[in-house]
Enquirer: 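What follows is a structure written as structure tokens; I'll ask about it next.
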Amino acid sequence: MSRFWNNRVRALEPYVPGEQPRERRLIKLNTNENPYPPSPRVIAAIREAAGEGLRLYPDPRCTALREAVAEAYRVRPEQVFAGNGSDEVLAFAFAAFFPSAGDILPVEPGPFGGGPGGTRPVLFPDITYSFYPVYAGLWDIPFRTIPLTNDFSINAEDYLFPAGGVIFPNPNAPTGRALPLKDILSVTGYQGNAGRVVIVDEAYGAFGGESTVPHIQEYPNLLTIHTLSKAASLAGLRVGFAIGQEELIQGLSRIRDSFNSYTLDRLALAGAVAAVSDTAYYHKINQQIIHTRERVSARLREWGFEVIPSAANFIFIRHPRLSGAAVFAALRERGILVRRFDKPRIRDYLRVSIGTDEDMDELLRQLQNQAD
Ligand code: PMP
């Protein structure tokens with residue numbers, strides 16, 4: 001604690017990102033980056049943008065990118081918001097749509113509180129992207145976590161209550177499990193309280209699961225969030241976007257324009273337009289990742305590992321006889337970096353990003369030694 005920190009900073013519990021090691025030799029399977037390079041068209045577009053045009057501010061409305069996304073997803077540009085990574089889009093969405101403590105709602109109390117003078121909490125799973133509680137803390141938004149079932153599934157019925165809002169990733173992280181579209185739409189269509197926004201974070205949607213994007217026209221309270229970090233191999237460029245009806249997009253723009261109008265720079269905008277337009281290239285590399293994921297999952301199961309069925313570019317694994325901390329340390333010792341969350345229910349699991357076939361073969365060799 002510093003005497004210079006105000007109360008807001010003192011109260012924060014910041015997110016801890018996965019390690020970005022400086023040693024190049026490590027096989028890096030800890031932050032769900034894509035192991036394949038971005039489309040060559042992306043690199044060419046960034047090179048072209050790296051010129052004297054940098055003198056000028058970028059387009060604050062990200063018009064060209066929103067048009068490219070609209071075309072790729074068959075929506076209108078007014079239904080797209082672009083931000084500096086989906087983390088920024090998520091942070092803005094929490095700020096724009098979820099009620100802060102002290103927001104007075106003229107409603108009857110629900111099972112999770114609320115009512116006149118109270119604030120209904122936002123709902124998300126107990127095991128999910130660990131940035132959600134951090135954003136809630138930043139904006140002072142009450143939340144309640146809903147336990148996943150024993151097999152780490154989201155049970156949609158648990159979300160059919162009046163709430164300040166709902167958010168979950170589909171596929172979920174770090175489990176990799178996908179929730180069927182009909183269940184997501186039952187949560188979205190729940191009529192128990194007005195003004196409840198449902199945010200579906202489809203960061204890993206390109207690797208499995210059914211997208212909610214085609215349903216934004218039917219559900220005015222549905223906001224779908226995508227990122228170029230995983231599926232488009234552009235974690236280093238920092239581009240994410242939200243797709244939803246215009247009133248939601250305008251809510252996000254109001255937050256952005258009260259914070260920093262130019263969240264995406266000229267290089268990121270140029271690269272992102274090229275990425276969104278090159279669906280053929282990305283389809284090919286992401287199919288390869290799915291293929292590798294299935295091969296590695298099957299092999300690990302043969303060796304007695306529990307592998308949660310994954311629809312993402314990572315797997316969540318555990319060996320019934322081995323502690324997660326021990327396997328993590330042994331892999332690290334042998335130059336393989338994976339992610340472990342020291343949290344109830346998941347301490348003994350490791351989240352392993354899907355790398356190239358070569359990297360995964362090395363992982364398999366090391367895990368086989370552990371399991372023998
Ligand atoms: N959502 C989920 C579920 C994630 O796992 C991540 C990656 N850490 C993000 C959003 C954020 O991705 P980015 O900011 O790189 O777009």
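Order of appearance sets the numbers: ligands from 1, and atoms from 1 within every ligand. The model shown is predicted, which means the values in this text are computed figures rather than measured ones. This chain uses plain numbering: 1 for the first residue, then up along the sequence.
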Enquirer: Could you name each residue pair satisfying side chain to side chain donor-acceptor pair (under 3.5 Å) that touches residues 262-275, not counting sequence neighbours?
Expert: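 Applying side chain to side chain donor-acceptor pair (under 3.5 Å) to every pair that reaches into residues 262-275, excluding sequence neighbours, yields Glu88-Thr263.
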Enquirer: Salt bridge between Asp59 and Arg66, side-chain N to carboxylate O under 4.0 Å?
Expert: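 No.
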Enquirer: Name the orientation class of the two ring planes belonging to His215 and Tyr219 (parallel below 30°, tilted from 30 to 60°, perpendicular beyond 60°).
Expert: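 Aromatic pair His215/Tyr219 classed tilted.
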Enquirer: According to salt bridge (Lys or Arg N to Asp or Glu O under 4.0 Å), who are the partners of Arg41, at least two apart in sequence or on a separate chain?
Expert: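 With neighbours one apart ignored, the set is Asp278.
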Enquirer: Go ahead and list the nitrogen or oxygen contacts between ligand 1 and the protein that come in under 3.5 Å, distances to 0.1 Å, or just say none.
Expert:
| residue | atom | partner | partner atom | Å |
| --- | --- | --- | --- | --- |
| ligand 1 | 1 (N) | Asp201 | OD1 | 3.3 |
| ligand 1 | 1 (N) | Asp201 | OD2 | 2.6 |
| ligand 1 | 5 (O) | Tyr204 | OH | 2.6 |
| ligand 1 | 8 (N) | Tyr129 | OH | 3.2 |
| ligand 1 | 12 (O) | Ser86 | OG | 3.2 |
| ligand 1 | 14 (O) | Ser86 | N | 3.3 |
| ligand 1 | 14 (O) | Asp87 | N | 3.0 |
| ligand 1 | 14 (O) | Asp87 | OD2 | 3.3 |
| ligand 1 | 14 (O) | Arg238 | NH2 | 2.8 |
| ligand 1 | 15 (O) | Ser229 | OG | 2.6 |
| ligand 1 | 15 (O) | Arg238 | NH1 | 2.8 |
| ligand 1 | 16 (O) | Ser86 | N | 2.7 |
| ligand 1 | 16 (O) | Ser86 | OG | 2.7 |
| ligand 1 | 16 (O) | Thr227 | OG1 | 2.6 |
| ligand 1 | 16 (O) | Ser229 | OG | 3.4 |

Enquirer: Taking ILVMFWY side chains as joined if any heavy atoms are under 4.5 angstrom apart, and letting links pass through other members, which residues group with Trp5?
Expert: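 Other cluster members: Met1, Val9.
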Enquirer: With side chain to side chain contact (heavy atoms under 4.5 Å, CB included) as the test, pick out the partner of Tyr132 among Phe143, Tyr15, Phe124.
Expert: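 When Phe143, Tyr15, Phe124 are each tested with Tyr132, the side chain to side chain contact (heavy atoms under 4.5 Å, CB included) holds only for Phe124.
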